[in-house]
> 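One structure is given below, represented as structure tokens, and several questions about it will come after.
Residue numbers begin at 1 in each chain, while the letters A, B, ... track the order of the sequences.
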Amino acid sequence: MRWTNSYIPTLREDPAEAELISHKLLMRGGYIRKVTAGVYNYLPLMQRVLLKITRIVREEMDKAGALEITMPVLHPAELWQASGRWDVVGKEQMRFKDRHGRDLCLGGTHEEVITDLVKGELKSYRQFPKNLYQIQVKFRDEIRPRFGLIRGREFIMKDAYSFDVDEDGLDKSYNKMVDAYFKVFDRCGFNVRKVEGDTGAMGGTGAHEFMVIVDTQGGEGVIYYCDKCDYAATDERAEFYESSNDTKIEPLKEKELVHTPNAKTIAEVTAFLNTPSKKLIKTLLYLVDGEPVAALIRGDRMINEIKLKNYLKANELELADADTIMRLTGAEVGFTGPCGLKNIRLVVDTEIYGMRNFITGANKTNYHFINVNHPRDFTFEDIIDIKMAEEGERCPRCKQGILKSDRGIEVGNTFKLGTKYSQAIGAKFIDKDGKEKPIVMGSYGIGITRTAQAAVERFHDKNGIIWPKPIAPYGIHIIYTNSSDKNQVETAFDIYNELKEKGIEVLIDDRDERAGVKFKDADLIGIPLRIVVGERGLKDKTAEIKIRKSGENIKIPLAEIVPNALKIYEEIC
RNA sequence: CGGGGUGUGGCGCAGUCUGGUAGCGCGCAUGCUUUGGGAGCAUGAUGUCGGAGGUUCAAAUCCUCUCACCCCGACCA
């Protein structure tokens with residue numbers, strides 16, 4: 001491809017709207033242009049990258065036995081009402097009415113549609129297992145779109161759905177997809193870390209996320225992993241081994257009301273009472289689908305609202321406001337405690353079980369209790385892990401390793417759905433024994449556009465993008481330094497034509513620009529291999545090969561330039 | 001939705017406080033020179049200053065409303 005025949009509008013300056021390096025580089029390199037918040041044009045270079053990722057995904061899905069189909073973007077509300085997600089997903093969904101006033105939405109995922117599809121067709125256990133997938137644009141009305149393609153309102157996704165007769169079958173299908181995912185991302189040129197994820201609004205019995213680890217702000221997700229075993233989980237999901245309850249053996253002391261004027265926060269209370277925050281219990285008052293719930297965790301811990309929400313099977317969960325707290329506890333914010341709370345469900349973190357003689361709010365402004373103990377001073381039924389994991393804690397699986405954390409971009413996810421959707425929508429089959437059973441499902445996503453940007457976030461330097469070879473828009477980029485030198489132009493085009501004949505995807509910068517401009521743009525758009533034809537080299541009948549990734553510059557006789565370029569291109573990745 | 005911020009040629013920005021006939025850099029067009037890391041000179045084109053209403057002799061600038069976008073948070077199938 002000649003540069004002048006393509007459409008590659010590079011920018012000299014960073015666009016004001018972009019925050020993330022990958023977003024800036026994709027804008028500056030002429031890969032994407034914004035249409036409106038979270039919605040982008042994909043320009044020719046980007047289109048090529050997306051097609052390459054898509055091809056890799058398609059090949060690996062097909063190899064794994066999945067069948068490609070296309071489902072509609074437009075969904076009727078009825079299907080979503082049937083699964084119960086019309087209310088759960090709520091505002092995330094792009095919704096509107098048609099001319100008849102019927103509710104419709106744009107699909108953000110296709111569990112409902114595909115379950116409805118197979119319910120008429122997969123009727124016998126003999127037809128299983130099946131796996132159907134599509135690669136298609138998706139819509140999600142994100143509260144706050146940001147970071148370019150990382151969190152868009154419209155994006156391209158591969159979504160696959162497996163259908164099995166039982167949990168064993170699901171496990172097999174699931175593992176097949178997990179294997180395929182590792183192959184996909186490996187072929188795209190980067191490592192991913194598979195971590196345990198939250199099932200969220202998907203529901204179901206288990207989930208994993210595939211994260212590209214990045215050392216920049218581009219890592220939206222935080223993960224925790226063990227430094228000894230293979231435990232890894234998202235921050236929403238991560239747990240740790242609770243080994244240290246060194247207060248266990250303390251004899252019980254008498255509960256006492258103490259005056260703690262203006263000590264509202266954990267920091268203020270611990271400073272005032274001169275005690276470690278581990279001795280405190282935080283009581284957080286939530287409104288859960290309108291009902292008050294008090295969540296208790298140790299003073300030095302952070303609450304994990306996802307865990308709490310999942311445990312309570314809640315749709316909406318929000319911290320109570322000051323007025324509500326006053327009404328329910330009789331005290332200002334900062335003095336809530338479990339003792340004497342009436343008609344409020346207590347959800348207690350597991351770590352609290354072994355604690356003795358701790359400090360809580362007294363439900364009286366400016367007072368706390370010390371030496372509180374359960375079940376003497378209060379009782380509860382709900383005891384569950386509702387705290388955030390922290391670096392430095394022990395691994396919950398091997399109990400030996402220490403938890404570390406990283407930031408990453410989620411490029412894929414897998415869910416064991418079980419029978420949630422098949423039951424709701426009535427997708428049943430007849431088993432060997434003649435009994436009707438719900439289909440056991442899994443769902444599997446890969447963000448195509450997000451993967452492209454994650455690659456840029458992962459592979460770049462101060463001069464621009466450094467594409468992994470398998471997803472680069474072109475393989476080799478040819479530059480001649482002086483367009484008024486006919487010899488240079490002819491030599492460059494000879495190389496160009498020869499490489500094209502060898503089946504290489506070549507971009508030649510045939511613009512009437514000075515060398516500096518071409519070099520800068522070449523660095524920016526990030527094609528793996530560059531061939532430079534210039535006056536310097538032509539004097540002694542050579543040209544240069546530059547490897548984008550290493551910066552290595554190799555002088556090669558013109559007669560051998562093509563075979564050498566092919567060889568080096570083959571070797572780099 | 002809450003908090004903060006920005007809208008001025010294609011892009012990046014100044015001008016707004018203190019009202020007085022819209023500017024800079026890049027890019028674009030033409031010509032000449034130049035030609036290995038974002039060239040120089042000359043000439044030129046491109047703006048309803050996000051939109052609506054108001055105040056005023058006069059509004060990019062002040063007031064009211066509104067829209068869009070960006071950042072932080074909640075959300076994220």
> A:Asn553 and side-chain hydrogen bond (donor to acceptor under 3.5 Å, both in side chains): which partner among A:Lys546, A:Glu544, A:Arg530?
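The residue from A:Lys546, A:Glu544, A:Arg530 that satisfies side-chain hydrogen bond (donor to acceptor under 3.5 Å, both in side chains) with A:Asn553 turns out to be A:Glu544.
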
> Please give the nucleotide sitting opposite B:rU21 as a Watson-Crick or G-U wobble pair, both distances under 3.5 Å, or none.
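Check on B:rU21: unpaired, no WC or wobble geometry under 3.5 Å.
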
> Nearest whole Å is fine: how far is B:rU34 P from A:Lys518 NZ?
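Atom-to-atom, A:Lys518 to B:rU34, this comes out as 18 Å.
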
> Taking the same atom, P, in B:rG47 and in B:rC24, what whole-Å distance lies between them?
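B:rG47 and B:rC24 have their P atoms separated by 15 Å.
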
> Which one is paired to B:rC41, where only Watson-Crick or G-U wobble pairs with both distances under 3.5 angstrom count?
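Pairing partner: B:rG31.
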
> Please report the distance separating the P of B:rC49 from the corresponding atom of B:rG9, rounded so that it comes out in whole Å.
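Those two atoms are separated by 10 Å.
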
> Identify the heavy atoms of A:Met388 and A:Asp235 that sit nearest to each other, and give their distance.
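Shortest heavy-atom separation between A:Met388 and A:Asp235 comes out as CE-O, 3.6 Å.
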
> Using the C1' atom on both, measure B:rG25 against B:rU46 and round to a whole Å.
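Approximately 16 Å lies between the C1' atom of B:rG25 and that of B:rU46.
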
> Using the C1' atom as the point on both nucleotides, what is the distance between B:rC70 and B:rC65, in whole Å?
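Straight-line distance between the two C1' atoms is 22 Å.
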
> Could you check how far CD of A:Glu410 sits from C1' of B:rC76, rounded to whole Å?
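The distance from CD of A:Glu410 to C1' of B:rC76 comes to 9 Å, rounded to the nearest Å.
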
> Let's see if you can work this out: which of B:rA39, B:rC75, B:rG37 has an atom nearest to the side-chain heavy atoms of A:Glu142?
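The answer is B:rC75, which lies nearest to the side chain.
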
> Any donor-acceptor pair under 3.5 Å between the side chain of A:Thr481 and the base of B:rU35?
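Looking at the base of B:rU35, it does not pair with any donor or acceptor on the side chain of A:Thr481 (distance under 3.5 Å).
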
> Testing the basics here: between A:Phe96 and A:Leu74, what is the closest heavy-atom pair and its distance to 0.1 Å?
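Scanning both residues, the minimum pair turns out to be CZ-CD1, 3.3 Å.
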
> OP1, OP2 of B:rC76 versus side-chain N and O of A:Arg140: anything below 4.0 Å?
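Answer is no, no contact under 4.0 Å.
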
> Nearest heavy-atom pair of A:Thr449 and A:Ile156: which atoms, and what distance?
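Shortest heavy-atom contact: OG1-N, 3.2 Å.
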
> Please name the nucleotide paired to B:rC75 by Watson-Crick or G-U wobble geometry with both distances under 3.5 Å, or report none.
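Paired with B:rC75, as far as the under-3.5 Å criterion goes, is no nucleotide at all.
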
> On the 0 to 90° scale, with breaks at 30° and 60°, tag the A:His75-A:His110 ring pair as parallel, tilted or perpendicular.
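It falls in the perpendicular class, over 60°.
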
> Using the P atom in both, what is the distance from B:rC28 to B:rC67, to the nearest Å?
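About 38 Å, rounded to a whole number of Å.
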
> Tell me the interatomic distance from A:Leu106, atom CG, to B:rA77, atom P, rounded to whole angstroms.
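Those two atoms, CG and P, are 18 Å apart.
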
> The side chain of A:Ile143 lies closest to which of these nucleotides: B:rG36, B:rA39, B:rC1?
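Of the options given, the side chain of A:Ile143 lies nearest B:rC1.
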
> Pick base, sugar-phosphate or nothing for A:Arg450, based on heavy-atom distances below 4.0 Å to the nucleic acid.
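Since no nucleic acid heavy atom lies under 4.0 Å of A:Arg450, the category is nothing.
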
> Quick one: look up who B:rU6 pairs with, Watson-Crick or G-U, both distances under 3.5 Å, and put none if it's unpaired.
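B:rU6 is paired, partner B:rA68.
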
> Any carboxylate oxygen within less than 4.0 angstrom of a Lys/Arg side-chain nitrogen, looking at A:Glu111 and A:Arg85?
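The answer is yes: the pair qualifies as a salt bridge.
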
> On RNA chain B, nearest-nucleotide positions of A:Ile306 versus A:Glu513: which is more 5'?
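In this pair, the answer is A:Glu513.
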
> Ring centroids only, cut at 6.0 angstrom: are A:Trp3 and A:Tyr474 within range, meaning strictly under it?
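Centroid distance A:Trp3-A:Tyr474: not below 6.0 Å, so no.
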
> Could you work out which one of B:rC75, B:rA39, B:rG36 sits closest to the side chain of A:Arg514?
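That would be B:rA39.
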
> On a whole-Å scale, what distance lies between the C1' atoms belonging to B:rA60 and B:rA52?
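Pairwise C1' distance, B:rA60 against B:rA52, rounds to 16 Å.
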
> Could you work out the separation of B:rU61 and B:rU8 based on their C1' atoms and round it to a whole Å?
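The same atom, C1', in both gives a distance of 12 Å.
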
> Given that A:Arg511 and A:Glu236 both sit by RNA chain B, which one's nearest nucleotide is further toward the 5' end?
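Its nearest nucleotide lies further toward 5', so the answer is A:Arg511.
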
> Tell me which residues in residues 534-548 of chain A lie within less than 4.0 Å of RNA chain B, going by non-hydrogen atoms.
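Nucleic-acid contacts, sorted: A:Gly534, A:Glu535, A:Arg536, A:Gly537, A:Glu544, A:Lys546.
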
> Taking N and O atoms by type only, does the side chain of A:Asp14 place a donor or acceptor under 3.5 Å from a partner on the base of B:rG12?
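For A:Asp14, whose side chain was compared with the base of B:rG12, there is no donor-acceptor pair (under 3.5 Å).
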
> Students often get this wrong, so: under 4.0 angstrom with heavy atoms, is A:Asp485 touching a base, only sugar-phosphate, or nothing?
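The answer is nothing, as A:Asp485 stays clear of every strand by at least 4.0 Å.
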
> Do A:Ile135 and A:Arg58 make a side-chain contact, defined as non-hydrogen atoms from C-beta onward lying under 4.5 Å apart?
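When only atoms from C-beta onward are counted, A:Arg58 and A:Ile135 do touch, with a gap below 4.5 Å.
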
> Would you check if A:Leu67 and A:Lys130 make a side-chain contact, meaning some heavy-atom pair closer than 4.5 Å?
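Answer yes - side chains close enough.
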
> Measure the distance from CG on A:Asp509 to P on B:rG36 and round it to the nearest whole Å.
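Distance, rounded to whole Å: 15 Å.
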
> Thinking salt bridges, do A:Lys307 and A:Asp385 make one under a 4.0 Å N-O criterion?
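Yes.
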
> Return the nucleotide paired to B:rG36: Watson-Crick means purine N1 to pyrimidine N3 with N6-O4 or O6-N4, wobble means G-U with N1-O2 and O6-N3, both under 3.5 Å.
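Looking at the geometry, B:rG36 pairs with no nucleotide.
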
> To the nearest angstrom, how far is A:Glu305 atom CD from B:rC76 atom C1'?
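A:Glu305 atom CD is separated from B:rC76 atom C1' by 14 Å.
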
> At less than 4.0 Å, is any side-chain N or O atom of A:Arg12 found next to OP1 or OP2 of B:rG27? Yes or no.
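Looking at the OP1 and OP2 atoms of B:rG27, one of them is under 4.0 Å from a side-chain N or O of A:Arg12.
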
> Compare every heavy atom of A:Met61 with every heavy atom of A:Ala180, then report the nearest pair and how far apart it is.
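Distance-wise, the nearest heavy atoms are CB-CE, 4.1 Å.
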
> Figure out the NE2/C1' separation between A:His477 and B:rG37, and round it to whole Å.
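So the NE2-C1' distance, A:His477 to B:rG37, works out to 14 Å.
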
> Report which part of the nucleic acid A:Arg28 touches: base, sugar-phosphate, or nothing (heavy-atom distance under 4.0 Å, all strands).
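Base contact.
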
> Quick check for you: among B:rG37, B:rG25, B:rC76, whose closest atom lies nearest to any side-chain atom of A:Glu13?
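Nearest nucleotide to the side chain: B:rG25.
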
> Of all the heavy-atom pairs spanning A:Leu149 and A:Gln453, show the shortest one and how long it is.
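Distance-wise, the nearest heavy atoms are N-OE1, 2.6 Å.
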
> Separation of A:Lys555 atom NZ from B:rG36 atom C1', in whole Å?
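Checked: the NZ to C1' distance equals 12 Å.
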
> Under 3.5 Å, is there any donor-acceptor pair linking the side chain of A:Asp523 to the base of B:rG37?
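Per atom types, the contact qualifies.
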
> Tell me whether the centres of the aromatic rings in A:His23 and A:Tyr40 are closer together than 6.0 Å.
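Yes; A:Tyr40 has its ring centre under 6.0 Å from that of A:His23.
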
> What N/O pairs connect the protein and nucleotides 66-70 of chain B at under 3.5 Å? Give each pair on its own line.
unit_1	atom_1	unit_2	atom_2	d
B:rC69	OP1	A:Thr36	OG1	2.5
B:rC69	OP1	A:Ala37	N	3.3
B:rC69	O3'	A:Lys34	NZ	2.9

> Would you measure the distance from the C1' atom in B:rA22 across to the matching atom in B:rU16 and give it in whole Å?
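My reading of the C1' atoms in B:rA22 and B:rU16 gives 13 Å.
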
> What is the distance, to the nearest angstrom, from the CZ atom on A:Phe155 to the C1' atom on B:rA77?
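A:Phe155 atom CZ is separated from B:rA77 atom C1' by 9 Å.
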
